[in-house]
Enquirer: 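First the structure, then my questions, so here it is.
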There are 2 protein chains.
Amino acid sequence: MTIAKIAELAGVSKATVSRVLNNSGYVAEKTRRKVMKIIEEFNFVPDSRAVNLSKSMTRTIGLVIPTTSGPFYMEVIRGIEDVLAANGYYMLLMTFEASRDKNETRKKYRSLLDEKRVDGLIVFDPEADESFVQEMANAKKPCVYLGREYPKVPIDTVSADNFTGSRLMMLHLLEHHGFRKIAFVRGPLDSYHGLERLKGYRKTLREFGIGYDENLVFCGNFTREGAEKIAKKIFAVNPEAIFASNDEMALGIIHKAKQLKIPLSKIPIIVGFDDAPWAEHINPALTTVKQPMYDIGKTAARIMMDRLSGDRSKVPMKVKLHTSIVIRESCGCLKAAFE
Amino acid sequence: MTIAKIAELAGVSKATVSRVLNNSGYVAEKTRRKVMKIIEEFNFVPDSRAVNLSKSMTRTIGLVIPTTSGPFYMEVIRGIEDVLAANGYYMLLMTFEASRDKNETRKKYRSLLDEKRVDGLIVFDPEADESFVQEMANAKKPCVYLGREYPKVPIDTVSADNFTGSRLMMLHLLEHHGFRKIAFVRGPLDSYHGLERLKGYRKTLREFGIGYDENLVFCGNFTREGAEKIAKKIFAVNPEAIFASNDEMALGIIHKAKQLKIPLSKIPIIVGFDDAPWAEHINPALTTVKQPMYDIGKTAARIMMDRLSGDRSKVPMKVKLHTSIVIRESCGCLKAAFE
DNA sequence: CTGAAAGCGCTTACAG
DNA sequence: CTGAAAGCGCTTACAG
């Protein structure tokens, strides 16, 4: 079934069928009904490829996310889909596999634009460097980068404020709990997020007039295993609290403490960052910093919709969303239901 | 940039440019080089919409999954993407939101086919009834249904063997642990998976000559909250073990036990089903049945690729993948590292 | 080995 | 209000 056959059966021209299909231009009510009847009878649906070719669009946006870093990207997907679905857009999903070459993947997602497979791209690729992102900014189609900022690149970004998240946690530990000797487990040296979180730690200490002590800062790699290896060293400095800059590492440290048979009461306060799906279920339930993944997705999709509906020349949006701290048992605020 | 412009600049016809682009037909080496040079100079990429319209394909397959039921669908996505990427296919993702009308969503994913937005569809929609799936089977494009079987419908399916998973767990409880009084917490009445799991429970009991006792079977709704509400009743029948037919419910029961301050040693063995991301992290780490989500995705994508490359008339594939039990602390096999 | 032409299935000024 | 025609950017027999 094509528009031509429908036209023939209805005894009108293709143009007219197109008009009733799109509700555009003038069509006599009588004609419309005649055409609609045939369309419905044959359950006709226009070929999107032809429509898109003619209208030079795709009604599809591409989403690129890592699969590796676990499950909370599902929230980003939800946020985006909610907006896209409401606007009649579709989502092409491409994932960053740890196993695949990153630059290959970048080339591939870039080509989604060139091949006109999508009208725009939303990308979660915190390791992309400035020059590459600048290239993407030069594309004729809109791109929104997620997860971090590129202050010097004129491109839309949506990220969570990791610095302030870290600061909020520090405030909680310093003000509410009154701790002064707080150990910090940082991520790998080249991680943007890792650096932001470390900055939050340092800056907040300074605000409180507490000297920055290098011996209290431990270098982890954002994995549980890595944290388990350095846990002993951390315990050795006898901190009042340990701020692991992600939940995985917090988990590793808690685990190591259990292995070492250190009684719960003797374990320093351990807090994390990310609010992993299991964070509330471990023992003790983890106090942590939560990133608004759903809202990141939603905001990104909204910006994309705006760009696609003409807001093209506007200044780049640099959205930074609030992170919040989730207070549970591990910092001691909520008593464990079951010891 | 279009093929026409490239042709003009290279001083050849569009047909020739198309040939070098597709590596098809004969092209003199000299001509090829001349054309390639222009293509590269202008960084020309053909418009996929035009290509797809001409070749009547899309190189895209649609994936439909629920977002609600948590994060393990990410594994399915990974499995599918691995295969698709290797074959140069793209993935259009559509999600089932709890908030949206299911039938609307069905209509929508069906229309992906009609609109020729995708070459085929992989669908995770265990609530779809037979008549609807039959409709999908009648479509001219291939569909693979995930998560459950439709024995009477001639359609490809890939599912995990929930029945046997349930049976394996029962065998473990019966043979290894020697329990006889095993309570079972079932899911809602209309859930396919819930029923399969219940069957596994019943059948295995019968094998062991143990009478089916209705008082040992409790009706949950697959949620933690629901399970918490009925936990007391379960404890009241004094079972040796509680087989919750999903992890959420197992968690609810464990939680309730903690609230009731029942000492760990007095809590009957509690096991689950699903291997949720937090299952290994809770206390006690949950013994559970694991479904091979990655392999489900991979298998589905492989079937799809086969169908698209001509295996069209073949008999429907009904793949059932093995589930396995993951033995942890909650059944008592592994001692908790930390009590 | 190469090109002219028809075709894929739509949309959209333009003319009437 | 409606239709003929050109156009979107490619591919593919067909002829030479």
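Letters go in sequence order (proteins before strands), and every chain restarts at 1.
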Enquirer: Atom CE of B:Met57 to atom P of D:dC10: distance rounded to whole Å?
Expert: 13 Å
Enquirer: On the nucleotide C:dT2, are OP1 or OP2 found under 4.0 Å from the side-chain N or O atoms that B:Thr31 carries?
Expert: yes
Enquirer: Assign B:Ser56 to base, sugar-phosphate, or nothing according to its heavy-atom contacts below 4.0 angstrom with the strands shown.
Expert: nothing
Enquirer: Categorize B:Ala15 for me: base, sugar-phosphate, or nothing, with a 4.0 angstrom heavy-atom threshold over every strand shown.
Expert: base
Enquirer: I need the single residue from A:Tyr73, A:Phe124, A:Tyr109 that forms a side-chain contact (heavy atoms from CB on, under 4.5 Å) with A:Phe96. Which is it?
Expert: A:Tyr109
Enquirer: Can you tell me how far apart NZ (B:Lys108) and CD (B:Glu115) are? Round to the nearest 0.5 Å.
Expert: 10.0 Å
Enquirer: According to the Watson-Crick and G-U wobble definitions, with both distances under 3.5 Å, which nucleotide is paired to C:dA4?
Expert: none
Enquirer: Applying a 3.5 Å limit to both distances, which nucleotide forms a Watson-Crick or G-U wobble pair with D:dA13?
Expert: none
Enquirer: From A:Arg302 CZ over to A:Lys298 NZ, what is the distance, rounded to the nearest 0.5 angstrom?
Expert: 5.0 Å
Enquirer: Out of D:dC10, D:dG3, D:dT11, which has the shortest distance to the side chain of B:Phe44?
Expert: D:dC10
Enquirer: Does A:Asn22 reach a base, just sugar-phosphate, or nothing at all? Heavy atoms under 4.0 Å.
Expert: sugar-phosphate
Enquirer: Reckon B:Arg49 touches a base, only the sugar-phosphate, or nothing at all at heavy-atom distances under 4.0 Å?
Expert: nothing
